[in-house]
Structures are given as structure tokens and as C-alpha cells.
**Q** 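This is the structure, below, for whatever I ask next.
Order of listing sets the numbers, starting from 1, for every ligand and every atom in it. Model, not experiment: these values are computed from the prediction.
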Amino acid sequence: MKKILITGAFGLVGTDLRKALQKKYSSKAIVALNHKTSGINYGEIVEHGDVRDKNVLSKIIKKHHVTEIYHLAGLLSVSSEKNPSLAWEVNLGGLKNILDLGVMHKIKIFWPSSIAAFGPSTPKDHTPQHTILEPTTMYGVNKVAGELLCQYYFLKHGLDVRSLRYPGLIGYNAPPGDGTTEYSVHIFYGAIRNKNYSIFLKKDARLPMMYIDDAIEGTINLMNAPSKKITIRTSYNFAAVSFTPEELVKEIIKFVPGFTHDYKPDHRQRIADSWPRSIDDREARKDWGWKPKYNLSKMTKVMYEGLKKKLEQSK
Ligand code: SER
């Protein structure tokens with residue numbers, strides 16, 4: 001029987017992934033690892049633990065006979081700059097623990113990389129799959145090392161580990177984390193609650209983005225693709241839309257007339273400057289049929305309506 005462990009299960013990706021996987025399989029097939037966060041529970045098993053603690057992970061894996069892991073726990077770009085040592089321990093130490101246990105128990109693994117694996121020397125437009133990876137953030141350094149570690153475990157141990165370079169992800173079921181692309185989630189909270197938001201990036205900071213439903217569908221499709229179709233064992237380029245804060249504001253104003261905003265670029269602009277503007281994801285499309293469904297206007301509509309409903313219900 002399929003038994004899926006999700007680490008980082010209460011974060012932005014984990015929350016929607018749990019919902020999708022329990023709908024596809026059953027709530028009994030899911031074990032959600034909770035660290036400090038809490039959030040919506042869809043009836044799955046919840047275990048507590050830290051991904052840096054290999055013994056705890058090992059006990060959970062044995063107790064539930066885990067067959068697949070979606071290893072999502074990690075610090076995002078901004079929190080990794082605040083505490084680089086912690087980022088190294090959680091982002092890479094945690095991944096290595098999961099990979100070691102994966103080999104030991106023959107577990108299939110998903111781990112997300114990010115557009116942060118690229119750096120200032122990478123071509124910025126239609127960034128190719130195979131290109132220069134010289135990130136200047138701790139988060140990006142963790143992602144490049146993590147990608148190579150995944151490929152190493154595949155080559156050395158035959159571990160079935162699969163990965164996507166997530167762009168900025170936008171969803172409303174869980175609060176946004178401490179990242180750079182997360183302005184695109186915070187802005188909806190500001191628009192709905194206060195009709196105002198101060199954007200911490202420049203108005204023309206174009207970044208690759210994706211609505212969460214696309215990200216979840218792509219993630220599950222990658223995991224369910226036949227092994228022979230997976231030709232990239234570092235991490236696949238994965239894209240949907242690219243937009244600037246100014247373009248997003250234009251869409252939000254259609255739903256929130258009178259929405260006011262200003263631009264106050266801070267240290268996070270430097271992080272954004274080091275990342276690509278758009279991604280070439282043709283390998284993912286060719287290998288396992290990746291195709292996004294949400295463009296900017298469709299994403300803005302579902303995000304606005306979904307968050308508005310959620311905030312009204314929580315009043
Ligand atoms: N959303 C992430 C961040 O900005 C990018 O992977 O940190």
C-alpha cells in the first residue's frame with residue numbers, strides 16, 4: 001500500500017499537496033510531518049519532528065511503512081539570508097537524511113529545487129535547463145548542492161529521486177513563507193484587507209511565477225511518470241508565467257477598484273536581481289508532458305476569490 005510522508009506539510013506547497021494527495025489516494029495514505037507550524041488538517045496522520053533529526057525520521061518511516069516522501073521542509077530565500085547556518089543544516093542536512101533513509105528503505109522521493117539555483121551569471125530570459133549555476137544566496141547554494149546530491153544518490157544507489165525547480169508559487173490555503181517571490185501572495189492580503197500594499201521589489205522586477213494548482217499537478221505528475229521518462233535527475237526547469245509587480249497590480253485593480261500601492265525596494269530586490277526573468281521548461285514538457293493551466297489573469301481571479309472567501313470565513 002502507498003504510504004506518503006510529507007515534510008513541510010503545513011507550508012504553502014505542503015498544505016495544497018496534502019489536499020490533492022488525500023483526494024487522489026486517501027487520508028490514511030498520508031503522514032504529515034509537522035515541525036513548528038500548524039494549519040488546516042484534512043484528516044491525515046500527523047507526526048511531529050525536525051528533518052535534522054534522522055532518528056525521528058527513521059522511526060516515523062518504519063512505523064508507517066513509508067513508500068514515498070515529498071520532502072518540502074526548508075527555509076526560503078529571505079530566512080536563509082537571515083540565518084545561513086540554520087539554512088545549511090535544514091536545507092541540506094535535512095535532504096541528506098531523507099536521501100539516506102530513502103536508500104535504506106527503497107523510498108521514492110520528491111524534493112523541490114528553485115529558480116534560486118540560478119545566479120547573476122545565468123542567462124536571464126528563457127533560462128535553459130543546462131546552464132551556469134552560480135547562485136549568490138545561501139538558499140541558492142543549498143539548492144544547487146541539493147540538486148547534485150539528488151543526482152549523486154540516483155547514480156550511486158539507484159535511488160528514485162525526482163525534482164522540480166519551482167518558480168515563485170502563489171496560493172491562499174497556507175500563509176506565505178519568508179521568501180522573495182512571496183510579495184505576490186502578500187499583495188493579495190493587503191489588497192483584500194486594506195486596499196493597500198507596499199511592494200518590497202521594483203515595479204519592473206520580472207520573475208517566473210506559478211499558481212499553486214499548476215505546481216501541485218506538475219509535482220504529482222512528475223512523481224507518477226514512468227521512471228524511464230525521467231531524463232533529468234538534478235532538477236527540471238518548471239515554468240508557467242512571468243510577470244512584474246506592476247503587471248500584477250493591473251490585474252488586482254480589476255477586482256479591487258481603488259487599490260493603492262507603492263514600491264519600496266529593499267534587500268530582497270538584490271535577491272530578485274540575481275534570478276531569471278523567465279524559464280525554458282521544454283525538457284519537462286517533452287519528458288513527462290508538463291503543461292500549465294493558469295495565466296496571470298486566471299491566477300489573479302482564483303487567488304482573489306479564494307483568499308477573500310477564506311478571510312471572510314475566518315472573521
Ligand atoms: N519563493 C522562493 C523564495 O522567494 C523562491 O524559490 O524564496
**Q** With a 6.0 Å cut-off on ring centres, are Trp290 and Phe238 close enough?
**A**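 Yes - the distance between ring centres of Trp290 and Phe238 falls below the 6.0 Å cut-off.
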**Q** Think Arg268 forms a cation-pi with Phe200, using NZ or CZ under 6.0 Å from the six-ring centre and within 45 degrees of its axis?
**A** yes
**Q** Run the numbers for me: atoms of ligand 1, each under 4.0 Å from some heavy atom of Glu182, listed by number.
**A**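 So the answer, numbered in order with elements, is 1 (N), 2 (C), 3 (C), 4 (O).
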**Q** Within 45 degrees of the ring normal and closer than 6.0 Å to the centroid, is that where the cationic atom of Lys156 sits relative to Tyr152?
**A**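 The answer is no, since Lys156 fails at least one limit relative to Tyr152.
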**Q** Yes or no: does Thr181 have any heavy atom under 4.0 Å from an atom of ligand 1?
**A** yes
**Q** Could you tell me whether Ser77 and ligand 1 have an N or O pair separated by under 3.5 Å?
**A**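 N/O-N/O distance under 3.5 Å: yes.
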**Q** Counting each atom of ligand 1 from 1 as listed, which ones have a heavy atom of Ser114 under 4.0 Å away?
**A** 5 (C), 6 (O)
**Q** One thing to verify: whether Lys298 and Asp214 come together as a salt bridge, which I'm taking to mean a side-chain N less than 4.0 angstrom from a carboxylate O.
**A** no
**Q** Mind checking whether Tyr183 contacts ligand 1 via backbone (N, CA, C, O), side chain (CB onward), both or neither, at a 4.0 Å heavy-atom cut-off?
**A**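 For Tyr183, no heavy atom sits under 4.0 Å from ligand 1.
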**Q** Can you list the residues that meet the side chain to side chain donor-acceptor pair (under 3.5 Å) rule with Ser77, with sequence neighbours excluded?
**A**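 With neighbours one apart ignored, the set is Thr180.
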**Q** Among all protein heavy atoms, pick out the one at the shortest distance from atom 4 (O) of ligand 1; state its residue, atom name and that distance to 0.1 Å.
**A** Thr180 N, 2.7 Å
**Q** Which ligand 1 atoms does Gly179 reach within 4.0 Å, using its non-hydrogen atoms?
**A** 3 (C), 4 (O), 7 (O)
**Q** At their closest point, which heavy atom of Lys229 faces which heavy atom of Tyr236, and how far apart are they?
**A**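 Here Lys229 and Tyr236 meet closest at O-OH, 3.6 Å.
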**Q** Report, in ascending order of atom number, the atoms of ligand 1 lying under 4.0 Å from any heavy atom of Tyr139.
**A**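 The list of qualifying atoms is 5 (C), 6 (O), 7 (O).
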